[in-house]
Amino acid sequence: MRLDGVLFFPVTPFTADGALDEEALRRHVADGVRAGAGGVFAACGTGEFHALSPEEYERVVRVAVEATSGRVPVFSGAGGPLPFARACAEAAARAGADGLLVFPPYLVSAPPAGLVGYVRRVCAVTDLPAIVYQRGNAVFTPDTAAELALEPNIVGFKDGLGDLDRLQRIVLAVRQVAGRDFAFFNGMPTAEMTVPAYRGLGVNLYSSAAFCFVPEVALAFHRAVTEGDEALTERLLAEFYRPLVELRDLVPGYAVALVKAGVALRGLDVGGVRPPLVDAAPRHVDRLERLIKRGLEIVEC
């Protein structure tokens with residue numbers, strides 16, 4: 001199944017006592033697919049992958065698959081310590097996922113050749129197609145990215161580093177050797193801010209955290225970008241996305257906490273975040289509420 005359009009990274013809802021809230025997750029995913037998501041990425045960064053037990057991880061993926069009902073592909077995260085990442089890949093296959101997003105290994109910094117070995121070991125336990133995520137301590141060279149692109153079940157490369165010179169060289173190297181469709185993704189936090197720059201490299205797919213709580217705005221932005229409506233693109237960047245990024249950057253971890261607060265403001269209680277993240281402060285939630293209202297005003301006028 002091919003990924004297209006706005007990619008949806010759902011949050012993972014928790015109950016008041018901190019347990020996984022499967023019914024809220026089911027509704028959240030179903031609402032996103034109904035709104036027009038082009039793919040679902042469950043148990044990933046926005047979904048607090050780092051804070052889930054192995055059992056919760058598999059339940060999250062299974063619920064997402066069930067709620068999506070085959071309408072769009074479902075990918076799930078796999079990363080951290082190598083044995084855990086491999087267990088996630090196996091659990092994702094059992095739960096019916098369509099593919100994997102391979103996160104960096106835990107904490108350690110490794111040379112590119114070691115990262116290749118890590119990705120290969122994770123992907124070896126399943127036939128699921130996999131997207132490799134470049135971010136933080138997982139930085140690839142053009143040669144190692146091209147080497148991975150030759151693996152039969154590695155189908156994409158997601159960049160969360162933001163080094164456009166490096167990414168351009170990776171894109172060129174991969175396209176010279178892949179010999180098949182290979183997808184590139186903009187994986188920057190609040191990716192809409194860098195969509196115009198990434199599109200200049202031919203990287204059109206991106207993940208949208210805003211889609212979780214304002215799908216109307218996220219979809220309107222995607223249409224504006226793809227249809228060449230520069231006026232609306234710039235207006236949304238200036239009046240919605242830039243203030244959202246400035247709010248997000250006030251507190252580490254707000255890239256998740258604010259999204260959960262936004263989902264709650266739109267009518268679905270998804271609970272708080274798990275430590276070490278902290279929930280958004282009330283004054284910041286008030287700012288987010290005003291931003292949501294502004295974004296909706298822009299796309300509805």
Side-chain angles (χ1 to χ4, degrees), residues 1-49 51-53 55-78 88 91-101 128-129 131 185 191-192 205-223 255-274 288-289 292 295-296 299-300:
M1 300 179 70
R2 295 181 62 85
L3 294 162
D4 195 14
V6 179
L7 305 181
F8 173 33
F9 284 63
V11 300
T12 298
F14 301 120
T15 62
D17 62 0
L20 177 63
D21 190 339
E22 293 190 17
E23 288 310 308
L25 175 61
R26 192 180 309 276
R27 177 180 162 189
H28 182 45
V29 172
D31 286 349
V33 174
R34 191 178 305 113
V40 173
F41 284 71
C44 289
T46 307
E48 295 181 81
F49 167 83
L52 300 176
S53 71
E55 295 78 14
E56 288 174 326
Y57 171 88
E58 186 164 350
R59 287 162 58 199
V60 166
V61 179
R62 192 176 301 279
V63 169
V65 169
E66 292 170 353
T68 302
S69 300
R71 288 171 287 176
V72 296
V74 176
F75 278 63
S76 61
C88 286
R94 287 195 301 270
D98 297 295
L100 301 172
L101 177 61
L128 289 177
I131 299 163
F185 303 78
E192 283 88 348
L205 290 167
Y206 63 92
S207 51
S208 175
F211 183 87
C212 285
F213 61 95
V214 277
E216 305 95 330
V217 175
L219 291 168
F221 178 83
H222 184 266
R223 285 194 299 271
V256 177
L258 279 178
V259 174
K260 279 198 154 179
V263 175
L265 286 170
R266 297 303 302 279
L268 179 61
D269 182 4
V270 291
V273 294
R274 284 180 172 172
L288 178 62
E289 186 171 21
I292 290 172
L296 293 173
V299 301
E300 290 172 358

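Keep in mind that what you see is a predicted model, and the values were worked out from it rather than measured.
- In this structure, V61 and A95 approach most closely via the heavy-atom pair CG1-CB, 3.7 Å.
- Although no hydrogens or angles enter the test, the distance criterion places a donor-acceptor pair under 3.5 Å between the side chain of S53 and the main chain of E56.
- Considering all non-hydrogen atoms of both residues, A218 and V6 come closest at O-CG2, 4.0 Å.
- Evaluation of the side chain to side chain donor-acceptor pair (under 3.5 Å) test over residues 256-265, restricted to residues two or more places apart or in two chains, returns E48-K260.
- In this structure the side chain of V40 never reaches within 4.5 angstrom of the side chain of F75, judged on heavy atoms.
- Between C44 and F9 there is a side-chain heavy-atom pair separated by less than 4.5 Å.
- Between E289 and R266, none of the side-chain N atoms (NZ, or NE/NH1/NH2) sits under 4.0 Å from a carboxylate O, so this pair counts as no salt bridge.
- Shown here are the ring-ring contact (aromatic ring centres under 6.0 Å, His included) partners of F213, two or more places apart in sequence or in another chain: there are none.
- Remark: the backbone N or O of G18 is paired with a side-chain donor or acceptor of R274 at under 3.5 angstrom.
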Q. Does the side chain to side chain contact (heavy atoms under 4.5 Å, CB included) test come out yes or no for I131 and L3, once each step is laid out?
A. CA-CA 11 Å; I131 299 163; L3 294 162; 4.0 Å; yes

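- Looking only at distances, no side-chain donor or acceptor of T68 sits under 3.5 Å from a matching main-chain atom of V65.
- Side-chain atoms of S76 and L100, non-hydrogen and from C-beta on, do get closer than 4.5 Å to each other.
- Classified by interplanar angle (parallel below 30°, tilted 30° to 60°, perpendicular above 60°), the ring pair Y206/H222 is tilted.
- Remark: side-chain polar atoms of D21 are not paired, donor with acceptor, to backbone N or O of T15 under 3.5 angstrom.
- Taking every heavy atom of both residues into account, A42 and V60 meet most closely at CB-CG1, 4.3 Å.
- Put simply, OH on Y57 and CZ on R62 are 11.5 Å apart, with the number rounded to the nearest 0.5 Å.
- Across A97 and L128, no two heavy atoms sit closer than the pair O-CD2, 3.2 Å.
- E23 and R27 are not joined by a salt bridge, as no carboxylate oxygen comes within less than 4.0 angstrom of a charged side-chain nitrogen.
- Rounded to the nearest 0.5 angstrom, D31 CG and F8 CZ are separated by 8.0 Å.
- With sequence neighbours excluded, the residues that form a side-chain hydrogen bond (donor to acceptor under 3.5 Å, both in side chains) with E22 are R59.
- Side chain of H28 to backbone of V11: a donor-acceptor contact under 3.5 angstrom is found.
- What you find for G77 and C88 is that their closest heavy atoms are O-CB, 4.0 Å.
- Counting heavy atoms from C-beta on, the side chains of D98 and V72 never come closer than 4.5 Å.
- Between V259 and C212 the shortest heavy-atom distance is CG1-CB, 3.6 Å.
- Taking the six-membered ring where tryptophan is involved, the planes of F41 and F185 are perpendicular, since the angle between them exceeds 60° and thus also 30°.
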